[in-house]
Amino acid sequence: DSFGQPAEQAAIKRGIQPRDWTEENIAHMRGQLQRLGVSYDWRREIAAHRPDFYKWDQWFFLKMFERGLAYKRKSAVNWCPKEETVLSNEQSSGGICWRCGTPVVKREIEQWFLRTTKYAEELVEHIKEIEAGWPEKVLKRQRDWVGRSEGAYIDFAVKQHDEKVRVFTTRIDTIFGATAIVLSAEHPLLPKLLEGSSLKDDVMQFAEKAKGARAIKTEDAAEEEEKLGINTGQLAVNPFNGELLPIWVANYVLMDYGAGAVMSVPAHDQRDFDFAHKYTLPIRQVIAPIVHGQQGESADVTPGSDQSMDMKAAFTEYGVLVSSGEWSGKLSHDAMREMADYAAERKFGGGAVTYRIRDWGISRQRFWGAPIPIVYCGNCGTVPVPEKDLPVMLPNKAEFTGTGESPLKNVPEFVNTVCPKCGRPAKRETDTMDTFVDSSWYFFRYTDPRNETMPFDPAIAAKWIPVDQYIGGDSHAVMHLIYARFWNKVMRDLGLVKSNEPVKRLLTQGMVTNRVEGTNDWKAMSKSLGNGVDPDEMIRAYGADATRMFVLFAAPPENELRWSETGIEGAVRFLRRVWTMVYRWRDQLRDQLKGQGTPAAKLEFSDAARALRRKTHQTIARVTDDFEKLDLNTNVAALMELSNALAEFNVDRASASPADAFAAREAIEALVVMLAPFSPHVAEEMWEGLGHEGGLLLAAAVWPMADPELARKEELEIPVQVNGKLRSRVIVAPDISEADLRALAFSDEKVSSFIDRNDYVTAIPVPQRLVNVVVKRWDERLDEHGFDAIIWASGEHPVTSNRKITFIFKEKGNDKRVTIAEDLIPNKAGDQYSAAGQVSQELEARGIQDVVVTLETELNRSVIDIKMKGESELIRVIKPYR
RNA sequence: GCCGGGGUGGCGAAAUGGCAGACGCUACGGACUUAAAAUCCGUUGACCGCAAGGUCGUGUGGGUUCGACUCCCACCCUCGGCACCA
């Protein structure tokens with residue numbers, strides 16, 4: 001993306017030609033990227049400023065021109081009246097010329113536009129095709145940028161004129177509350193309406209002033225500006241009720257959105273409300289909030305009256321219509337639909353969709369961009385340059401004065417040409433294209449970079465496009481990424497691509513920022529701020545591999561990375577450790593490396609070797625998966641873990657047995673291969689060190705495959721919680737059943753120590769993860785369930801070594817204790833049932849329903865289950881036999 | 001003002017609703033060294049305890065859940081975007 005401002009600025013400042021400056025930079029950066037080992041396919045390098053590329057910018061322009069997608073119209077630019085030049089937004093910041101301090105004015109000049117508005121609907125609609133792969137924050141900003149909004153147009157007839165004022169509203173349901181019509185200062189109808197009016201001069205003067213004020217307001221967020229207006233003295237007719245409304249002109253109505261005019265409904269729009277307050281226009285409430293079926297009162301409120309005091313702000317929500325003729329009593333949403341239909345039937349309006357997106361102005365009064373391929377002929381007018389004459393070449397040299405005018409204007413060989421139609425002398429367009437034009441489609445050119453007859457061959461592009469993964473900063477969330485989507489749709493309609501969207505997955509990469517010296521600000525590195533870090537210096541100090549690894553390890557890619565060199569030593573150390581292992585172990589692993597070792601199937605692996613192999617295969621699986629998700633930082637962490645595991649698996653053992661050697665070789669080879677994407681140079685060296693010299697380069701080696709069988713854990717250490725707090729751990733087989741896991745938790749000694757004799761206990765086993773033993777007091781638990789009585793398990797613990805169980809009920813609000821079951825000895829099957837049965841009976845006798853009691857004895861424990869009403873879960877009293 | 005992202009040790013950061021702090025940096029202690037650097041070993045969320053161990057802890061307050069950094073509600077702070085879009 002080599003066209004644009006910086007090259008031209010350098011030309012102005014240093015008297016160097018943009019082309020030379022640009023080519024120098026490209027060469028420099030190419031060198032840096034290569035030194036970093038970034039493996040692009042350099043045969044596909046392209047640059048926007050080279051004629052074989054910008055020729056196609058021009059070609060696309062011509063195609064759009066043919067189809068009416070490129071057109072010219074007058075449009076405002078920032079203009080310094082003293083220097084008579086166009087200023088960029090930055091140059092006119094604060095409303096004054098950056099050089100001479102003269103107040104900036106808006107000036108209308110002819111400019112070229114691309115009709116992005118034609119694709120407004122698709123730009124919203126097709127979001128659903130990409131939303132799975134794009135960050136929500138980007139999609140949100142794109143939706144806002146397009147700014148689709150549904151509403152209605154309404155035409156208001158102007159009294160005593162044969163004219164209509166059209167307004168757009170999203171709240172047609174409030175139309176009975178309209179108390180004025182407000183036009184933009186730039187409204188084209190304004191002069192006509194004022195003809196012959198005594199107010200003409202005053203109003204036009206106001207309009208001029210309002211326009212001027214707007215011009216000065218540049219991007220330096222004009223503070224909440226006061227709403228100013230003037231009554232034109234004209235009246236408009238509300239088509240819904242025939243009411244006459246005064247027509248005003250005001251500074252807060254934008255010409256280039258909707259219809260350039262609004263109906264003012266002070267009661268239900270905050271801006272209209274503010275305006276009405278200032279100019280004491282009536283405020284009439286026609287929407288009432290829906291409150292418990294009650295409908296609010298409607299009221300005509302004039303400022304100063306009691307009612308207007310009540311209303312501190314507009315009520316902008318939906319509600320119920322009041323004082324709205326036949327629509328009174330309807331809900332906003334129904335009314336909106338019906339009223340739009342009503343207007344359509346009577347032909348004074350109807351439902352409509354508007355968009356906030358504007359056509360894309362691509363004219364730049366600059367040198368360093370693709371010339372717009374247009375010729376102006378005194379005879380034939382605006383004539384497109386024929387395709388065969390492309391590219392329209394930028395001249396090699398120009399004068400850079402920095403006055404703000406296109407330097408092309410002062411290159412006669414460029415400007416003077418002949419008309420392609422009639423052959424008479426003619427002049428070229430001297431504006432060049434916005435650089436976003438280049439960036440809108442450059443990646444398509446990668447697929448077919450040297451094509452001389454087309455921008456790219458559709459058949460070749462079809463293999464690559466849509467892009468699987470696009471990476472860019474979120475500063476491009478709207479401009480570039482909207483234009484690229486627009487361009488894709490244009491190309492689709494030209495038959496060049498099939499898909500609606502150019503990019504399936506988008507990663508918005510975070511900036512690498514650095515402190516700006518002398519401040520506390522962290523800003524993206526840049527030359528002008530002097531906070532850059534030279535990659536070459538990093539490479540010199542730490543090497544390309546450690547630099548790469550550190551940057552990828554330090555934070556996830558979408559985070560901002562605040563630059564700091566503390567930490568990069570860690571990457572150096574890590575690589576050095578792996579390096580040392582490779583060269584220290586290569587002799588012990590020699591047979592394995594030569595492929596002469598015993599095959600794995602015939603080897604007996606020790607526990608440690610099996611553990612190492614497990615780690616190896618787990619790491620392969622994790623790294624492979626994390627690459628797919630672009631979780632590169634955790635990816636590096638995984639490699640470090642494998643390296644740590646290898647270091648623990650020490651070298652003497654590796655030399656001791658073929659099985660250990662096998663495991664070590666497997667681990668270290670996998671590690672080296674997986675290291676390659678991060679640190680390619682050192683990995684390649686290590687690969688050679690592992691005995692692959694003369695064979696395939698590591699860059700061409702096969703990515704290791706994870707064997708799930710080997711990655712599987714042989715046993716698991718399962719944490720045991722009591723009431724959510726970690727208390728113990730048990731070692732289990734990975735396929736242990738829930739029941740066994742539960743039993744194991746109950747029998748754990750540490751767990752038992754948290755269980756009081758009068759508690760009841762249950763457990764939530766989560767296979768592979770943990771067990772949570774829930775211990776509660778019986779009374780709490782029963783209370784929660786609304787039982788009338790409290791059970792105590794008393795005397796000896798419910799099932800004890802002497803196997804005596806005693807249940808005691810304590811009635812609520814009564815201290816009397818009632819023993820319901822005593823001396824139950826669950827010994828044989830029959831006894832169990834009778835014991836359980838006895839408890840059930842007693843419970844029922846006391847009016848406690850829905851309780852199922854079972855009693856079971858297992859090898860080393862006894863359990864009483866009591867099933868509470870409405871619960872599937874068992875509450876257990878449990879005690880292991882001693 | 002509206003919209004969006006984010007708030008976890010001294011720092012960068014991990015954690016399909018299931019052991020908070022993986023991995024690394026820093027710092028501290030130790031080994032090696034005449035010494036330093038490098039390297040290696042150990043400690044490193046806070047608090048209590050000689051220890052075993054315990055208590056607290058993911059911005060704040062509530063909620064859901066056997067269980068919440070993770071889900072829900074309200075609020076605070078912060079970064080970013082938009083800012084008269086009818």
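Each chain gets a letter, A, B and so on, in the order its sequence line appears, and its residues count up from 1. For the numbers below, each heavy atom of this structure counts, side chains included, while hydrogens, waters and symmetry mates do not.
Judged as a side-chain hydrogen bond (donor to acceptor under 3.5 Å, both in side chains), and not counting sequence neighbours, the contacts of A:Arg505 are A:Gln469. Every residue meeting the side-chain contact (heavy atoms from CB on, under 4.5 Å) condition with A:Ser149, not counting sequence neighbours, appears here in chain and number order: A:Phe168, A:Thr170, A:Tyr257, A:Thr354. Legend: residues meeting side-chain hydrogen bond (donor to acceptor under 3.5 Å, both in side chains) with A:Arg727, ordered by chain and number and at least two apart, are absent. Partners of A:Lys140 by salt bridge (charged side-chain N to carboxylate O under 4.0 Å, His left out), not counting sequence neighbours, listed by chain and number: A:Asp144. Take A:Asp626 and apply the side-chain hydrogen bond (donor to acceptor under 3.5 Å, both in side chains) test, not counting sequence neighbours, and it matches A:Thr634. Residues meeting the side-chain contact (heavy atoms from CB on, under 4.5 Å) test with A:Met479, sequence neighbours left out: A:Trp145, A:Phe436, A:Tyr483. Residues passing the salt bridge (charged side-chain N to carboxylate O under 4.0 Å, His left out) test with A:Glu560, sequence neighbours excluded: A:Arg562. Annotation: salt bridge (charged side-chain N to carboxylate O under 4.0 Å, His left out) contacts of A:Arg141 (sequence neighbours excluded): none. In this view, A:Val720 and A:Ser728, A:Val730, A:Ala745, A:Val751, A:Val773 satisfy the side-chain contact (heavy atoms from CB on, under 4.5 Å) rule, not counting sequence neighbours.
When rounded to the nearest whole Å, the span between NZ of A:Lys615 and C1' of B:rC23 equals 10 Å. Atom pair A:Lys137:NZ and B:rG80:C1' shows a separation of 8 Å (rounding to whole Å applied). Nucleotide B:rC19 holds its C1' atom 15 Å from the CD atom of A:Gln768, rounded to whole Å. Atoms CZ (A:Arg148) and P (B:rA86) sit 13 Å apart, rounded to a whole Å. Rounding to whole angstrom units, CZ of residue A:Arg141 and P of B:rG4 are separated by 14 Å. For A:Leu639 and B:rG24, the CG to P distance is 11 Å, given to the nearest whole Å. When the C1' atom of B:rG6 is taken as reference, atom CD of A:Glu558 falls 12 Å away, rounded to whole Å. Straight-line distance from the CZ atom of A:Phe550 to the P atom of B:rC25: 11 Å, rounded to whole Å.
Aromatic pair A:Phe315/A:Phe273: centroids not less than 6.0 angstrom apart.
Counting non-hydrogen atoms under 4.0 angstrom, A:Asn723 reaches nothing in the nucleic acid. At the heavy-atom level, A:Gly570 lies under 4.0 Å from the strands shown only through sugar-phosphate atoms. Nucleic acid contact for A:Lys725: sugar-phosphate only, since backbone atoms but no base atoms lie under 4.0 Å from a heavy atom of the residue. At the heavy-atom level, A:Ser149 lies under 4.0 Å from the strands shown only through sugar-phosphate atoms. Contacts of A:Asn772 with the nucleic acid, taken as non-hydrogen atoms under 4.0 Å apart, include base atoms.
The A:Phe168 side chain lies nearest to B:rA86 when the options are B:rA86, B:rG24, B:rG18. With B:rA20, B:rC23, B:rA86 as the choices, the nucleotide that has an atom nearest any side-chain atom of A:Gln721 turns out to be B:rA20. Of the candidates B:rC84, B:rA20, B:rC23, B:rC84 carries the atom nearest the A:Lys227 side chain, counting heavy atoms from C-beta on. The A:Leu726 side chain lies nearest to B:rC19 when the options are B:rG81, B:rA86, B:rC19.
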| task | Going 5' to 3' through nucleotides 8-16 of chain B, assign each nucleotide B (protein heavy atom under 4.0 Å from a base atom), S (under 4.0 Å only from sugar-phosphate atoms) or - (no protein heavy atom that close). | result | ----BSS-B

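Among the duplex regions that RNA chain B forms, those built from at least three successive Watson-Crick or G-U pairs under 3.5 Å are B:1-7 with B:76-82, B:10-12 with B:23-25, B:27-31 with B:39-43, B:45-48 with B:53-56, B:59-63 with B:71-75, ordered by first number.
Taking atom P on both B:rG24 and B:rC40, the two are 12 Å apart, rounded to the nearest angstrom. Spacing of P atoms, B:rG61 relative to B:rG45, comes out at 24 Å, to the nearest Å. Straight-line distance between the P atoms of B:rC23 and B:rC77: roughly 37 Å, to the nearest whole Å. B:rC56 sits 34 Å from B:rG4 when the C1' atoms are compared, rounded to a whole Å. Taking atom P in both B:rU70 and B:rU64, one finds a spacing of 15 Å when rounded to whole Å. Only the P atoms considered, B:rC28 is 16 Å distant from B:rA46, to the nearest whole Å. When the P atom is used for both B:rG53 and B:rU58, the distance is 24 Å, rounded to whole Å. Only the C1' atoms considered, B:rG63 is 15 Å distant from B:rG17, to the nearest whole Å.
In B:rG57 the base sits anti relative to the sugar, since the glycosidic angle is further than 90° from 0.
Residues A:Thr619 and A:Lys615 have side chains in contact (heavy-atom distance under 4.5 Å, counting atoms from C-beta outward). Looking at A:Val253 and A:Leu183, their side chains never come closer than 4.5 Å, going by heavy atoms from C-beta outward.
In the region residues 572-581 of chain A, proximity to RNA chain B at under 4.0 angstrom, judged on heavy atoms, holds for A:Arg573, A:Arg576, A:Arg577.
Between A:Tyr252 and B:rA86 there is no side-chain polar atom (N or O) within less than 4.0 angstrom of OP1 or OP2.
At least one cation-pi condition fails for A:Lys227 and A:Phe275: the charged atom is not both under 6.0 angstrom from the six-membered ring centre and inside a 45 degree cone around its axis.
With the nearest nucleotide of RNA chain B identified for both A:Glu717 and A:Met263, A:Glu717 has the one nearer the 5' end. For the pair A:Gly567 and A:Asp144, both in contact range of RNA chain B, the more 5′-proximal nearest nucleotide belongs to A:Asp144.
When only modelled atom types and interatomic distance are considered, A:Asn644 and A:Glu648 share no side-chain donor-acceptor pair under 3.5 Å.
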